[in-house]
Amino acid sequence: MPSAPLDRATTQFSVAFGGTPDGIWSAPGRVNLIGEHTDYNGGLALPIALPQRTFAAVRIRPDKVLRMSSDGMPGGPVTIPLADVRAGSPGGWAAYVAGVFWALSEAGYAVPGADVAVASSVPVGAGLSSSAALECAVGAALSDLAGLELLGTSGGRTELASACQRAENDIAGAPTGGMDQLASMLGRRGHALLLDCRDATTEAVPFDLAAHGLALLVIDTRAPHALVDGQYAARRHTCQAAATTLGVRSLREVRPQDLAGALGRLPDEVARRRVRHVVTEIVRVGSFVDAVRAGDWAAAGRLMAASHESLRDDYEVSCPELDLAVDTALGAGALGARMTGGGFGGCAIALVSADHAVQVEADVAGAFASAGFRAPEAFVATASRGAGRDRFGG
Ligand code: ADP
Ligand code: MG
């Protein structure tokens, strides 16, 4: 059996740097139940934190130098003075770590140098937010080791999430919204997290599917996705331009009852489709939360399917693998299914009765084989805890 990532982080630390870390911190990946491409439009989203986590073994250094090593990445440690961290420096995966040091320093905190060793069970590049898991594990470590005391309150955690988002946007150069980091920082066991990205407020919504005989199946299509490419940025740009045309700060300010009028004022069909997705998706999040609270799982499933259609047809961020996973899951009796994450690959989710999950998984695998796609990988996800300290000392 492969060893747990906590142990691997410890081993990685001693191999890369020698000795033991001051402690080990971890943060989860996330999967979004509904509310896609809404975060950067000031909208609503409803992620859960995953059981899969990224672990950071960290030791403070007396100088202002950062050394970083990950057992998921080839090559020796990446070394950089804190003063040299800026957009594109360091390049590659180390930007997600160094960016957190930079962002907390920019926020006015006294940030020390450190040795950081990373190991993870979050699939990388699958749309389950391994990037935020990495940032938030490092952010949690820094909060404790530099005495920032941001982990104790939800306000402090929100501030850490914001620093992690800046790391990803400004240093790693990925223009993502804030959902991933908020989910990883504020996730709660047995709960989904209702995020209002207009003001970064959050509300925990009980989400214990097992208690209702249900399960959330996450299907990694293993189709490649890359958020750093132009598609994501293009969607953001179209939304911002549409908001400007409509005279609002963000598309969140377009009220659903005003949607038809707003669409009539947009210059082209592409912008109309994008805005229609965002405005209707925000409504679907509210309806989904109502359905979950009422235990109306059939209604929740229908909203997931509607979300997928909107992402596929209006937002145009799906792909053949995602569509096949969703259609097959629905055909196999799932209550609902949709792509999740930024799109163009990554994962789909299906809401299924617990005793049916294995069958749905098998049907999707069969459909992928028939279509000549890479074999997908699936697991049942439960809502787990957010970032925190796992161990003091090595
Ligand atoms: P996702 O967040 O959906 O997994 P991203 O493209 O946003 O995909 O982030 C993936 C990138 O984050 C990786 O290419 C790598 O640079 C960095 N990363 C994530 N997890 C790790 C890890 N365990 N070790 C090193 N780098 C990681
Ligand atoms: Mg990511």
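Just follow the structure's listing: the first ligand is 1, and inside any ligand the first atom is 1. Nothing here was measured: the structure is a model prediction, and the numbers come from that model.
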Taking atom CZ of R249 as the centre, does the number of heavy atoms from other residues, nucleotides or ligands within less than 6.0 Å exceed 12? no
Within the 6.0 Å centroid threshold, strictly below: Y40 and Y232: yes
Ligand 1 to S120, heavy atom cutoff 4.0 Å, flagged ligand atoms 23 (N)
If you measure from each non-hydrogen atom of V118 to ligand 1, which part falls under 4.0 Å: side chain, backbone, both or neither? side chain
With heavy atoms of L134 as the reference, note each atom of ligand 1 found under 4.0 Å away. 18 (N), 21 (C), 26 (N), 27 (C)
When only distance counts, is S131 in polar contact with ligand 1, meaning an N/O pair under 3.5 Å? yes
Can you find an N or O of A119 that's nearer than 3.5 Å to an N or O of ligand 1? no
Those atoms of ligand 1 less than 4.0 Å from some heavy atom in L128: 3 (O)
I'd like to know if D258 pairs up with R255 as an ion pair, taking the criterion as any Lys NZ or Arg NE/NH1/NH2 lying under 4.0 Å from an Asp or Glu carboxylate oxygen. yes
Mark yes when over 12 heavy atoms from residues, nucleotides or ligands other than E269 sit less than 6.0 Å from its CD; otherwise mark no. yes
Can an N or O of T54 be found at a distance shorter than 3.5 Å from an N or O of ligand 1? no
Would you call S129 a ligand 1 contact, heavy-atom distance under 4.0 Å? yes
Evaluate A132 for polar contact with ligand 1, using N/O atom pairs at a separation under 3.5 Å. no
Is the distance between the ring centroids of Y315 and H37 under 6.0 Å? yes
Out of all atoms in ligand 1, which are within 4.0 Å of some heavy atom of G127? Include the element for each. 3 (O)
Measuring to the Mg ion (ligand 2), does S131 have an N/O/S atom at a distance below 2.8 Å? yes
Just do the salt bridge (charged side-chain N to carboxylate O under 4.0 Å, His left out) check on R198 and E253 with the steps written out, would you? CA-CA 10 Å; R198 177 155 54 187; E253 312 308 325; 3.3 Å; yes
Answer yes if I219 and V352 sit in the same cluster of Ile, Leu, Val, Met, Phe, Trp and Tyr residues linked by side chain heavy atoms under 4.5 Å apart, and no otherwise. yes
S70 to ligand 1, any heavy atom closer than 4.0 Å: yes
Check this for me: does any side-chain nitrogen of one of E316 and R274 sit under 4.0 Å from a carboxylate oxygen of the other? yes
